[in-house]
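Take a look at the structure below.
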2 protein chains.
Amino acid sequence: MDFSELKSVCYGCSIRELCLPEGLTDEEVLLLDQHMLHRVPVRKGEPLYRTGDPFKSLYAVSTGFFKTSILHEDGRTQVTGFQMAGEVLGLDAISTDHHICDAIALEDSAVCEIDFNQFEQLGQLMSNLQHRFNKTLSREIVRDQGIMLLLGSMRAEERLAAFLVNLAKRFSARRQSASQLVLRMTREDIGSYLGIKLETVSRILSRFHDQQLLEVRGRHIRILQPQGLDRLLNSNI
Amino acid sequence: MDFSELKSVCYGCSIRELCLPEGLTDEEVLLLDQHMLHRVPVRKGEPLYRTGDPFKSLYAVSTGFFKTSILHEDGRTQVTGFQMAGEVLGLDAISTDHHICDAIALEDSAVCEIDFNQFEQLGQLMSNLQHRFNKTLSREIVRDQGIMLLLGSMRAEERLAAFLVNLAKRFSARRQSASQLVLRMTREDIGSYLGIKLETVSRILSRFHDQQLLEVRGRHIRILQPQGLDRLLNSNI
DNA sequence: ACTATACTTTGATCCAGATCAAAGTATAGT
DNA sequence: ACTATACTTTGATCTGGATCAAAGTATAGT
């Protein structure tokens, strides 16, 4: 079995890029890469999946940017996350075999599709993989609880600071600039995610700009005082 | 291997009672029950675990009632859930090998402790168990996202209605009355969970009482018009 | 390059829920 | 049963963020 051959199955889609985390042997990586079906491109604005679609695969974002949002019967909508390269989409669908949110590309993107049945079988063969996957699922729970803390007990200004700090950290983990952010989502998306209105997002960004914490030019944001944002976050008035 | 002997390891703690769900064979149930260490009693007000404690076990609530809450550095606190018989505590700790929340008993309770290392090994032997556990973790993600929707886009009245409807549903699934609720938590706990202040919780309960939706006598609540609560929930003004 | 459409900013006003305050009611320990 | 402590209710007032409105700025399609 030739490594380069495997790579051709899904170019650029090694398991190493998935947040399905480190700690796998090379053999395990190879086996896993085999099970990634084709690389799927998703055009900006298009859904990768929609609420109610049958669940078949997990998706690791390869390039690009997504948002996920859930839909309440009465038409209300809530953005539940933004996913960038290396992050996994579809974990919530395991529970019901149907997707319970929409995943929309916010720019031209590509994902690696992982057949979940095959993946589970592989987990039976490799305890380490299964262990890692348990951690991945648990990490998603922790992430969600962090957002519950944010939505349940922070003021609008703190929410936005937390959002920016989090984005910067994730960009920086991907060796992109932690101070130069290009937002892929609208003010409305941000507001929905943070439980505030788009006007409030805009006003607070302007305020941060006036306070020299940020430089805001539309969706281009430069963080001038990261410690300033951190301080705001941990102040609790 | 004798069933009654196994039962004595942790009386009343069959895997069937864990929300680690249905679909296991009797053999699997037996093997699993073996791995439940002793039944652990927890006194009202006492922690089952605290933030930072090393993660060793999952806990299935056997009897009683718990709350989990996370603690922000600056002292803010957020109740992230209430757990009753059959629900599992500790899933969030898998990700970091340390508990990231406090689990406090709200009445004298008992849990079944499940050694997680042993449980993972068992999962390797029984693909079905592992499959079910993946679903359990995923279900927790779905639950959390439901709370995000609640916190991000509902008004206080709707949050409280959603809370009561959810509690009633869970009681009813446990063959307890769906209309006669005895709340185990304070108004402050409820408020923290719902992202509103305790005074607001109290006022809205009184309002529901005035509107004949509920009968409220302290922590004893009788739901008079379940459809009224549902309507409120799906109205979106 | 042009035009339509979608997004963003900013201002003026309003209101749901927070805060402050105080009285009333459980609950637990002696 | 008594008393202390913790919890709950209700009232009065305030305020952060929502809502309504309108002008300004990107972006995409022709």
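Letters go in sequence order (proteins before strands), and every chain restarts at 1.
C/dT8 atom C1' lies 12 Å from atom CD1 of A/Ile221, rounded to whole Å. Going from atom CE of B/Met185 over to atom P of D/dA6 covers 20 Å, rounded to whole Å. Whole-Å rounding puts the A/Ile190 CD1 to C/dC7 P distance at 13 Å. In this entry the distance linking CG of A/Leu198 with C1' of D/dG24 reads 15 Å, nearest Å. Distance CG (A/Asp189) to P (C/dT8): 8 Å, rounded to an integer number of Å. Spacing between atom CG of B/Leu205 and atom C1' of D/dC7 amounts to 14 Å, rounded to whole angstrom units. Atom pair B/Arg155:CZ and C/dC15:P shows a separation of 14 Å (rounding to whole Å applied). Between the CZ atom of A/Arg207 and the P atom of D/dG17 there is a distance of 8 Å, given to the nearest Å.
Atom CD of A/Gln225 sits in a crowded spot, with more than 12 heavy atoms from other residues, nucleotides or ligands closer than 6.0 Å.
Which of C/dA28, D/dC7, C/dA21 sits closest to the side chain of B/Arg219 comes down to D/dC7. Between C/dA18, D/dT9, D/dT10, one nucleotide has an atom nearer to the side chain of B/Ser206 than all others, and that is D/dT10. The side chain of B/Ser202 sits closest to D/dT10 out of C/dC7, D/dT10, D/dC7. Checking C/dT9, C/dA12, C/dC20 against every side-chain atom of A/Arg203, the shortest atom distance belongs to C/dA12.
Residue A/Lys44 has a polar side-chain atom (N or O) positioned under 4.0 Å from OP1 or OP2 of D/dA28. Between B/Thr200 and the phosphate of C/dA18, there is a side-chain N or O to OP1/OP2 separation shorter than 4.0 Å.
Base pairing analysis places C/dA1 opposite D/dT30; the two distances defining the Watson-Crick or G-U wobble pair are each below 3.5 Å.
Ion pairing of B/Arg50 with B/Asp102 is present here, as a side-chain N (NZ or NE/NH1/NH2) and a carboxylate O approach within less than 4.0 Å. Under the 4.0 Å criterion applied to side-chain N and carboxylate O atoms, B/Glu87 and B/Arg143 are not assigned as salt-bridge partners.
Looking at every heavy atom in both residues, A/Asp74 comes nearest to B/Asn234 through CB-O, 3.4 Å.
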